[in-house]
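This report refers to the structure that appears directly beneath it.
Since this is a predicted model, take the numbers as computed values, not measurements. Heavy atoms only: backbone and side chains are in, while hydrogens, waters and symmetry mates are out.
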Amino acid sequence: MADVEAKSTHRRTVLEKELLQDHLALRRDEARRAKASEEQLRQRLQVLEAELEEARSEGKAIYAEMSRQCRALQKEMEIHSRKLEEEVTGLREQLETCQREAEAAQQEAERALGERDQTLAKLRAHVAHMEAKYEEILHPGPTLGQAESCQASVGRGCAETSRQVQGAAPPVWTQPPGFLKL
């Protein structure tokens, strides 16, 4: 019995050994798969890190380019704004100058019109005075007796009657038109 027991123990030991060897083989396969998976993950991680670094570099490059363009646009806008401000200032100065010139021209025109009106008024008065003098020279006033008879008459008939009494002709100019000295 001891022999059966020894065989049985030996057999159990052999089975346990095989079982442990199978179990060890399974663990080795798992370790190999884990190592292969770890290597794949490490490679994938390296690829992702490289892509991330490339994306960061591209992002930085894009940001740098956009910042440069933004600064260039700001500078361009400042220059354009400055030019527009200078143009506005120049146009305001021109407007003020034109307004002053227009005001001066209007004042000069008003002064000239005033002078013209005064001159025309003086000329009209002078012409009227001259006409009156010519009328007086060409048609002397009625005598005292004629004046009394005119007062008795009514309206224009008196003047016509006094001319007819005197036998005077209609007015005749002794100088050509436009020959009056003012």
Side-chain angles (χ1 to χ4, degrees), residues 1-132 175-182:
M1 239 199 62
D3 195 23
V4 171
E5 227 176 267
K7 278 187 182 185
S8 172
T9 309
H10 177 42
R11 195 165 176 189
R12 211 180 312 140
T13 308
V14 168
L15 284 174
E16 282 179 8
K17 179 181 168 193
E18 286 177 5
L19 184 65
L20 286 174
Q21 283 176 343
D22 287 345
H23 190 60
L24 185 61
L26 285 173
R27 295 285 179 204
R28 280 186 199 137
D29 282 345
E30 285 178 10
R32 266 194 309 272
R33 281 195 302 263
K35 208 167 205 177
S37 183
E38 179 185 358
E39 186 60 33
Q40 286 176 347
L41 288 174
R42 187 176 291 124
Q43 288 175 357
R44 178 73 178 137
L45 181 63
Q46 286 176 350
V47 167
L48 289 175
E49 284 176 346
E51 289 175 0
L52 178 63
E53 186 59 35
E54 185 178 337
R56 281 181 183 159
S57 294
E58 286 178 9
K60 286 179 183 177
I62 289 170
Y63 179 78
E65 177 62 20
M66 291 180 76
S67 295
R68 185 194 65 74
Q69 288 178 3
C70 183
R71 283 190 304 273
L73 283 173
Q74 284 176 338
K75 188 174 182 179
E76 188 177 314
M77 287 298 291
E78 287 173 7
I79 291 169
H80 187 65
S81 177
R82 204 173 310 120
K83 284 181 181 178
L84 287 175
E85 286 173 5
E86 290 171 0
E87 186 176 345
V88 165
T89 302
L91 289 174
R92 280 189 181 142
E93 289 172 0
Q94 287 179 357
L95 176 63
E96 289 172 3
T97 301
C98 288
Q99 285 174 336
R100 282 193 302 271
E101 289 174 356
E103 192 175 308
Q106 184 176 358
Q107 289 174 354
E108 177 62 26
E110 288 172 1
R111 185 191 61 73
L113 285 174
E115 286 178 5
R116 183 201 69 178
D117 290 345
Q118 285 178 350
T119 303
L120 283 175
K122 286 179 185 177
L123 286 173
R124 284 185 183 129
H126 187 68
V127 166
H129 179 69
M130 293 297 289
E131 284 177 352
Q175 295 178 349
F179 190 71
L180 292 177
K181 292 185 180 177
L182 303 176

- Query: What residues form a side-chain contact (heavy atoms from CB on, under 4.5 Å) with R56, not counting sequence neighbours?
  - Reply: L52, E53

- Heavy-atom distance under 4.5 Å between the side chains of Q94 and T97, does that happen here? no

- Beyond-backbone contact of R82 with E78, side-chain heavy atoms, under 4.5 angstrom: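 Yes, their side chains come closer than 4.5 Å.
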
From [X] atom [atom1] to [Y] atom [atom2], the distance as rounded to the nearest 0.5 Å:
{"X": "L73", "Y": "M66", "atom1": "CG", "atom2": "CE", "answer": "10.5 Å"}
{"X": "R27", "Y": "D22", "atom1": "CZ", "atom2": "CG", "answer": "12.5 Å"}
{"X": "M77", "Y": "H80", "atom1": "CE", "atom2": "NE2", "answer": "6.5 Å"}
{"X": "R44", "Y": "E49", "atom1": "CZ", "atom2": "CD", "answer": "11.5 Å"}
{"X": "E76", "Y": "R71", "atom1": "CD", "atom2": "CZ", "answer": "14.5 Å"}
{"X": "E96", "Y": "R100", "atom1": "CD", "atom2": "CZ", "answer": "6.0 Å"}

- Query: Taking atom types as modelled, is there a side-chain donor on E65 or Q69 under 3.5 Å from an acceptor on the other?
  - Reply: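 Yes, side-chain donor-acceptor contact under 3.5 Å.
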
- Query: Hey, mind stepping through R42 and E39 against salt bridge (Lys or Arg N to Asp or Glu O under 4.0 Å) and telling me if it holds?
  - Reply: CA-CA 5 Å; R42 187 176 291 124; E39 186 60 33; 3.2 Å; yes

- Message: I need the full list of salt bridge (Lys or Arg N to Asp or Glu O under 4.0 Å) pairs touching residues 115-129, with sequence neighbours left out, sorted by first then second residue.
- Response: R111-E115

- Item | E103: which of Q107, E101, Q99, Q106 passes side-chain contact (heavy atoms from CB on, under 4.5 Å) |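 For E103, the side-chain contact (heavy atoms from CB on, under 4.5 Å) test succeeds with only one of Q107, E101, Q99, Q106, which is Q107.
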
